[in-house]
**Student:** 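One structure coming up, written as C-alpha cells, with questions to follow.
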2 protein chains.
Amino acid sequence: MLALISAGSAATRAEIARLTGLARSTVSQRVDALIAHGFVDETADAGSTGGRPPRRLSLRTREHAVAGVDLGASHCRVALLDIGGSLLAVREDPLKIADGPRAVLAHVDRTLRTLLAETGRGQHTLRAIGVGVPGPVEFSTGRPVDPPIMPGWHQFPIPEYFAEHYGVRALVDNDVNVMALAEQRQAFPGTRYLLYLKVGTGIGCGIIADGRLHRGAQGSAGDIGHIRVGEREELCRCGNSGCLEAIAGGAALAERLTELGLEARSGLDVVRLVQEGNRDAVRMVREAGRAVGEVLSGLVNFFNPETVVVGGALAAVHDQLLAGVREAVYRRSHPLATHVLRIEPSRTGENAAAVGAAILGIEHALSPAQVDRALLQGGLKSPAIG
Amino acid sequence: MLALISAGSAATRAEIARLTGLARSTVSQRVDALIAHGFVDETADAGSTGGRPPRRLSLRTREHAVAGVDLGASHCRVALLDIGGSLLAVREDPLKIADGPRAVLAHVDRTLRTLLAETGRGQHTLRAIGVGVPGPVEFSTGRPVDPPIMPGWHQFPIPEYFAEHYGVRALVDNDVNVMALAEQRQAFPGTRYLLYLKVGTGIGCGIIADGRLHRGAQGSAGDIGHIRVGEREELCRCGNSGCLEAIAGGAALAERLTELGLEARSGLDVVRLVQEGNRDAVRMVREAGRAVGEVLSGLVNFFNPETVVVGGALAAVHDQLLAGVREAVYRRSHPLATHVLRIEPSRTGENAAAVGAAILGIEHALSPAQVDRALLQGGLKSPAIG
DNA sequence: GGGAGTTAGGATGATCGCCGAACAAAGGTG
DNA sequence: CACCTTTGTTCGGCGATCATCCTAACTCCC
C-alpha cells in the first residue's frame, strides 16, 4: 500500500494512477489516508488541460525532517534535510573522531538541536538519521567493526544512542557508500550500476549495483585502497607494499612532494600546488590518476558499470586526475565494457557524504513498511482522524 | 500467488504454512489449484510425529522437463533435467561453435529430441531451455554480442529458434554465469555473495551478488581475463600485454610448456603433465595460481564475497592451483574480507554449465509470473478441471 | 484396546484491498 | 449556453486471505 511516494517527484492523483496502473479510486483512497495522517499536502490547483484542473500533491516537507551526519577523521558535518530531499541547513566543525564516540556523538547531538532550532523545526519532526563514518560498519546493527582510524568506536551502538535521544532510527554506513548513494540518487538517477571512487587521503569505492548499495558479505566491499598496482614497492601503512593508496592517495602524494622540498602536509595542499601550476604536483597527480585508472580498469572489466564518478579531495583537480584515469581505463578495459562507460567528476561537492547519509534516512522513512507502521499508529500529529 | 514453489525443496501443506506465514486454509486452497493443474503431486503419507501424518507434496517431475545447453568452443553438451533439478540425461558431442548458429542449433535440436525420447518424456513436457555460450550475451534478448570466438553468432536470435521448434522460452547467458549459478544453487545454497572463477583455456568469472547473477550494465561483468597482472609483458590475443589470461590461462601455459619441449596443446595437456608429476608443469600451475590470486585479491577487496569457487579445466589440479591462489589472496586482501572467506574447488564437475543453464530455465518456469500464466491458461494437461 | 492428546487438512463466514462504473466537480470550447 | 474533457469521489462487487471451527488420522499411555 504505497508506491505512491513517487509524490516525492510531485504528482497528482490522476498521474499516480497512470504511473502505477492502479485504479483512480484506489489512489484517491490511499492519498486520503496519507493526507489525513499528515504525510501529504494538497496544494493549489494546477492549470487545466481542457478538463477539470488537477490538485497537486506534495510531501508535507515542513513537518518531516531527516538528518545526515558526515563523520570524517577530523571533521563533523551535520545536514538537515526535509523529507523531500531539500537541504535546509548544514554545519561543519573540526572534530577529531579519535576523541571517541561519546564526545563526538554529543557534539552531533548539540549541532543537530541547533540546526532544528534555527530552521524552526520541532524535534518531533525528525524522522530518521543517517550517519556516514570513515571505516567499516556492520550496516544491520549500525556498529563500526575494527575501524582503523576510529579508536574507541569498535562495536559502539550508534543507533541506540540516537534512539535514546530522538526516538528515531539511525542508519550507519561507510562514508564512501553514502557518497555513492548521493551521487547516484541526485546526479545519475537513471544509472543502475555506478562506482563512486573517492580519492582523498585514502582511496575507497562505493558500489551501486542494480540501483542499490552493494555492501558485500561483511560490509567491507569497495575497500580498494590496498589493491596492488603493478610491481611497485611503496610501503603502505597496512604493512603491504605497492598499495594503490600508498601510490595515489593524497597522504602519499603530499609526502612525496614534501620530499621534493615542497610544503605539503595533506591532499588539500597537493590540490593547492596543482592549482598554482606546480609542475611536480601536476605530474604527480596525473601519475596518480594513471595508477587509479589501472586498478579501475580491472574493476570495470569485472563489474561492468555504466558510470564511474570520481570524488574526494583530489577530484578538485579532476582535469589532471581524470586524464590519467581515463587514459589507463580506456587502454586496458574491454571495449564492450567501456563502450558506453562514462567517467566523470563528482557533482555533489562537499556535502556529498552528509546528504547521502540523509538520503539513507529518507529512504528508510519513506519505505512502505515504515509508512504502514506510521499509518497504523494513527499518524503523527494528524489534524483530523485518529 | 505462489511462493509455494518451495515444494521444490519438498514440503507438506503445514510446513509451507509455517514457512510462509500464510494461513493453513490459504495454503490448502492454492495447493489444490496446483494439483488440479498438474504442477504438484500428492505422494504417500509421511511418518506421523504424534498426530495425523502429513501428506507429502512434490513437484510433478515426470511431466515437467527442462533442458540445459552448454556450448563450448569445440563441444556441445545437452542436459535434460526434471523441474525438480534432477539430471535425467546428458550427452556431449564434439562440435565447433564456429560452424555457426544454424548448424550448431540444429545439432542441439536433434540431441534434445533424442534425450527426450530416451527418457520417455514427450516434447510437450519441456517447459524451458537454458543456454550457456562462450561469449558475451545480452541476456534480455538472448543474443550474443560480438562474441570473439563465435563467428556468425553476432545478434543471432537464439530464443526465437527454440520458440519456433518447441514453443518454449529459451534463456541465454554467458557460460561462466551459468556455472556460477549451478555452483551457488547446488553446492552453496546459503551463500549470497559468490565468485566463480573459471580457469580454462581462458579465464572468466561469474558473479553472484545478493543471491542473484550480476551481469552488469552491458552484461559483460566478470570479464577478468584481461586484467593486467603486475608489470608482466606477455602478449595477449586481445592486443594488450600482461593480461591474466596470457599469463595463467590454459592455452598460455600449454604454449610455454611446448617451448620447454613438452607435449602440450591445451589446458588438458597441462593437467595431464601435472598429474604425471612433471616439475615444470607443477611449478607453472602454481605460478599461474599466484597470478590468478593476485587479481582475485583485488576483487575480494572490492566485492567482498563469502565464497570463491575455482573451476574450469585447470581446477582438476586444484591442489597446485589453489595453493597459489590462496597464497596470493591471503597475503594481499584485507583481513575483514578474508576472515570468513572460503576459496574452494568447484564441486559441480563437467556438467556445471549445462546444469546451470537448466537451472536458469527451471527458475524461469517456476517464477510466479510463469506459474500464474499457466494456471490462468487452464493448466497444461490437467486430468480434471479446466 | 480405547480414550486423551496431537497434528494435518478442509470448510465457512468475515474482512480487506482493489477495481469498475456511475456520478459530481470544474474547467475548457464552439 | 450546451457539450466535451479531465479530475476526483462514491458505491457495489469481486477475489484473496484469514480466523475459526470441524474432521481425519495417528501416537501414547493407562
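Here the structure is a predicted model, which is why all the values come from computation and not from measurement. Chain identifiers are assigned alphabetically (A, B, ...) following the order of the sequence lines, protein sequences preceding nucleic acid strands; residue numbering begins at 1 within each chain.
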**Student:** Report yes or no: is there a donor-acceptor pair, N or O only, under 3.5 Å between the side chain of B:Thr12 and the base of C:dA8?
**Tutor:**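 Looking at the base of C:dA8, it does not pair with any donor or acceptor on the side chain of B:Thr12 (distance under 3.5 Å).
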**Student:** Sequence neighbours excluded, which residues qualify as salt bridge (Lys or Arg N to Asp or Glu O under 4.0 Å) partners of A:Arg62?
**Tutor:** none
**Student:** Tell me the interatomic distance from A:Ile16, atom CD1, to C:dC19, atom P, rounded to whole angstroms.
**Tutor:** 14 Å
**Student:** Could you pull out all residues at least two apart from B:Arg18 that satisfy salt bridge (Lys or Arg N to Asp or Glu O under 4.0 Å)?
**Tutor:**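 In terms of salt bridge (Lys or Arg N to Asp or Glu O under 4.0 Å), with neighbours along the sequence ignored, B:Arg18 is linked to no residue.
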**Student:** Is there, by distance only and without an angle test, a donor paired with an acceptor across the side chain of A:Thr26 and the base of C:dG17 below 3.5 Å?
**Tutor:** no
**Student:** Looking at residues at least two apart in the chain, or sitting in another chain, which of them share a side-chain hydrogen bond (donor to acceptor under 3.5 Å, both in side chains) with B:Tyr166?
**Tutor:** B:Asp109
**Student:** If I take atom CG in residue B:Leu375 and atom P in nucleotide D:dA16, what distance separates them, rounded to the nearest angstrom?
**Tutor:** 11 Å
**Student:** Report the distance from atom CD of A:Glu15 to atom C1' of D:dG8, rounded to the nearest whole Å.
**Tutor:**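 Interatomic distance, CD of A:Glu15 to C1' of D:dG8: 14 Å.
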**Student:** Once you round it to whole Å, what is the distance between C1' of D:dG8 and CZ of A:Arg30?
**Tutor:** 16 Å
**Student:** Could you state the CG-C1' distance from B:Leu34 to D:dA16, rounded to the nearest angstrom?
**Tutor:** 15 Å
**Student:** Without decimals, in angstroms, what is the distance between A:Asp372 CG and C:dG17 C1'?
**Tutor:** 12 Å
**Student:** What is the separation between atom CG on B:Leu22 and atom C1' on C:dG10, rounded to the nearest whole Å?
**Tutor:**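 Result: 17 Å.
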**Student:** Tell me which nucleotide among C:dA8, C:dC19, C:dT12 gets nearest to the side chain of A:Gln29.
**Tutor:** C:dC19
**Student:** Could you go through nucleotides 13-16 of chain C and list every protein N or O atom that sits under 3.5 Å from one of its N or O atoms, giving the distance for each pair?
**Tutor:**
none

**Student:** Name all pairs fulfilling the salt bridge (Lys or Arg N to Asp or Glu O under 4.0 Å) condition that reach into residues 359-368 of chain B, sequence neighbours left out, sorted by first residue then second.
**Tutor:**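 Checked against salt bridge (Lys or Arg N to Asp or Glu O under 4.0 Å) - neighbours excluded - the pairs reaching residues 359-368 of chain B are B:Arg185-B:Glu363.
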**Student:** Can you sort out the partners of B:Phe162 under ring-ring contact (aromatic ring centres under 6.0 Å, His included), two or more places apart, ordered by chain and number?
**Tutor:**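 If we apply the ring-ring contact (aromatic ring centres under 6.0 Å, His included) test to B:Phe162, skipping adjacent residues, there are no hits.
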**Student:** Among C:dG9, D:dT10, D:dT9, find the nucleotide with the atom closest to the side chain of A:Ser28.
**Tutor:** D:dT9
**Student:** With the threshold set at 4.0 Å, does a side-chain nitrogen-carboxylate oxygen contact exist between B:Arg121 and B:Asp82?
**Tutor:** no
**Student:** Applying salt bridge (Lys or Arg N to Asp or Glu O under 4.0 Å), can you list everything that pairs with A:Arg143, at least two apart in sequence or on another chain?
**Tutor:**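 Counting only residues at least two positions away or on another chain, A:Arg143 forms a salt bridge (Lys or Arg N to Asp or Glu O under 4.0 Å) with A:Glu160.
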**Student:** Taking atom P of D:dG8 as reference, at what distance in whole Å does atom CD1 of A:Ile35 sit?
**Tutor:** 10 Å
**Student:** Report the residue (B:Arg13 or A:Ala23) whose heavy-atom-nearest nucleotide on DNA chain C is the more 5′ of the two.
**Tutor:**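 Looking at DNA chain C, the more 5' nearest nucleotide goes with B:Arg13.
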**Student:** Return the set of residues passing salt bridge (Lys or Arg N to Asp or Glu O under 4.0 Å) with A:Glu42 (not counting sequence neighbours), or none when no residue passes.
**Tutor:** A:Arg13, A:Arg55
**Student:** What is the per-nucleotide protein-contact pattern of nucleotides 23-30 of chain C, from the 5' end, where B denotes a base atom under 4.0 Å from a protein heavy atom, S denotes such proximity for sugar-phosphate atoms only, and - denotes neither?
**Tutor:** -BBBBS--
**Student:** Would you call B:Asp173-B:Arg215 a salt bridge at under 4.0 Å N-O?
**Tutor:**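 Salt bridge flag = yes for B:Arg215 with B:Asp173.
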**Student:** Nearest to the side chain of B:Ala14 - D:dG8, C:dG9, C:dC19?
**Tutor:** C:dG9
